[in-house]
Amino acid sequence: MLHVCASPQDQIARLVSALTATLTQEIDRYGRAVLAVSGGRSPIPLFHALARAPVEWARVTITLVDERLVSADHADSNAALVRTHLLTGDAAKARFLPLVDVPHDLAGCVARANTRFRALGQPLSAALLGMGDDGHTASLFPEAAELAEGLDPNFAQPYLALTPPHAPHKRISLSLAALLASDRLLLSIAGAAKREVYDRACQPPPSPALPISYLIQQQQTPFDAYWTP
Ligand SMILES: O=C(O)[C@H](O)[C@@H](O)[C@H](O)[C@H](O)COP(=O)(O)O
């Protein structure tokens, strides 16, 4: 479902409300909740608002939808983004599972991320997604050599390594299959250009030229997109 938000503030309020409800429901159901968030630049104001939400953060595990293969103190690190902007105030009580521990060891990082993810023993309560102007989401980039695996509904690993053809850094990303196994998917996008990409991605059939289309056009997992001009 597409939610048209009147302003960035309205979009943030709606996302925080949806995430707070989902995390609370999942804590009631499982005793804990697991939230996977995306990086990039646009989630920062949302992270600040979410960190102040009335959530029992000590019962929440936060992890990443995807990560760049960089050190934790690198300017492009999604883990650094979460530590700086989300794990603050009460939300600092959440348990955080980063994806990159040894930056030069991509295969090892993927293997350890998969082990940690499986040890959670429950589905993702929610995955907070962004989208690029090229229609990528997570690090499922068009034309990436590993995209077929990333979009394979039967791919068995939660995370996989991908090399974006035009974006910096090798990546670790949740696969489409892992995203669709989540209890809820929320997409946050803004601006006319991304709205145009979103509308194109709504047109059947899903296409690897617009990886977000597989999430938009599926019926398996509750999916809500929040767009503001
Ligand atoms: O690591 C990343 O870059 C993100 O996970 C990526 O999928 C992001 O969500 C989109 O690139 C949109 O980024 P913006 O929201 O900054 O446009």
Side-chain angles (χ1 to χ4, degrees), residues 3 5 8 11-12 14-16 19 35-50 62-86 96-100 103 106 109-110 113 117 124 126-144 146-147 150-151 158-176 178-180 182 185-198 200-201 208-216 223-229:
H3 305 265
C5 304
Q11 181 189 47
I12 287 170
R14 292 189 192 206
L15 280 161
V16 168
L19 285 165
L35 171 64
V37 297
S38 293
R41 305 319 310 161
S42 57
I44 291 173
L46 171 58
F47 285 171
H48 290 160
L50 184 58
I62 294 173
T63 191
L64 291 166
V65 166
D66 62 341
E67 178 62 286
R68 297 84 180 275
L69 193 68
V70 296
S71 59
D73 60 355
H74 191 287
D76 293 345
S77 164
N78 286 342
L81 197 77
V82 168
R83 286 193 175 100
T84 303
H85 299 290
L86 180 52
F96 179 47
L97 295 181
L99 302 183
V100 170
L106 179 55
C109 286
V110 171
F117 188 88
L124 287 178
L128 176 62
L129 302 170
M131 184 191 77
D133 289 343
D134 60 357
H136 84 264
T137 191
S139 282
L140 301 170
F141 284 87
E143 301 171 33
E146 310 87 344
L147 185 62
L151 295 177
Y159 288 100
L160 77 158
L162 292 108
T163 305
H166 308 298
H169 311 304
K170 290 182 182 295
R171 310 288 180 100
I172 299 177
S173 176
L174 282 173
S175 64
L176 174 67
L179 287 168
L180 294 181
S182 307
L185 298 168
L186 301 104
L187 173 67
S188 176
I189 52 175
K194 289 192 178 181
R195 175 65 191 270
E196 191 278 330
V197 173
Y198 178 89
R200 269 192 291 123
L210 292 171
I212 191 67
S213 62
Y214 289 86
L215 292 155
I216 294 171
F223 174 91
D224 288 278
Y226 296 81
W227 173 78
T228 190

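Just so you know, residue 1 is the first one in the sequence shown, and it goes up from there. On a predicted model such as this, the values are computed, not experimentally measured, just so you know. Every number for a ligand or one of its atoms is a count from 1 in the order of the listing.
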Legend entry - Protein residues having a heavy atom less than 4.0 Å from any atom of ligand 1: Ser38, Gly39, Gly40, Arg41, Ser42, Asp66, Arg68, Asn78, Gly130, Met131, His136, Ala138, Arg171, Lys194
Inset, instruction - Using the six-membered ring wherever Trp is involved, compare the ring planes of Tyr159 and Phe117 and label them parallel, tilted or perpendicular (cut-offs 30° and 60°). - result: perpendicular
Inset, instruction - Could you pull out all residues at least two apart from Asp224 that satisfy salt bridge (charged side-chain N to carboxylate O under 4.0 Å, His left out)? - result: Arg184
Legend entry - For Val197, all residues meeting side-chain contact (heavy atoms from CB on, under 4.5 Å), sequence neighbours excluded: Met131, Arg200, Leu210
Inset, instruction - Identify, with sequence neighbours excluded, every residue that meets side-chain hydrogen bond (donor to acceptor under 3.5 Å, both in side chains) alongside Ser139. - result: Asp66, Arg171
Inset, instruction - Please name the pair of heavy atoms, one in Thr228 and one in Pro8, separated by the smallest distance, quoted to 0.1 Å. - result: OG1-N, 3.5 Å
Inset, instruction - Please assess His3 against Arg14 for the test side chain to side chain contact (heavy atoms under 4.5 Å, CB included), listing each intermediate value before the final yes or no. - result: CA-CA 9 Å; His3 305 265; Arg14 292 189 192 206; 3.8 Å; yes
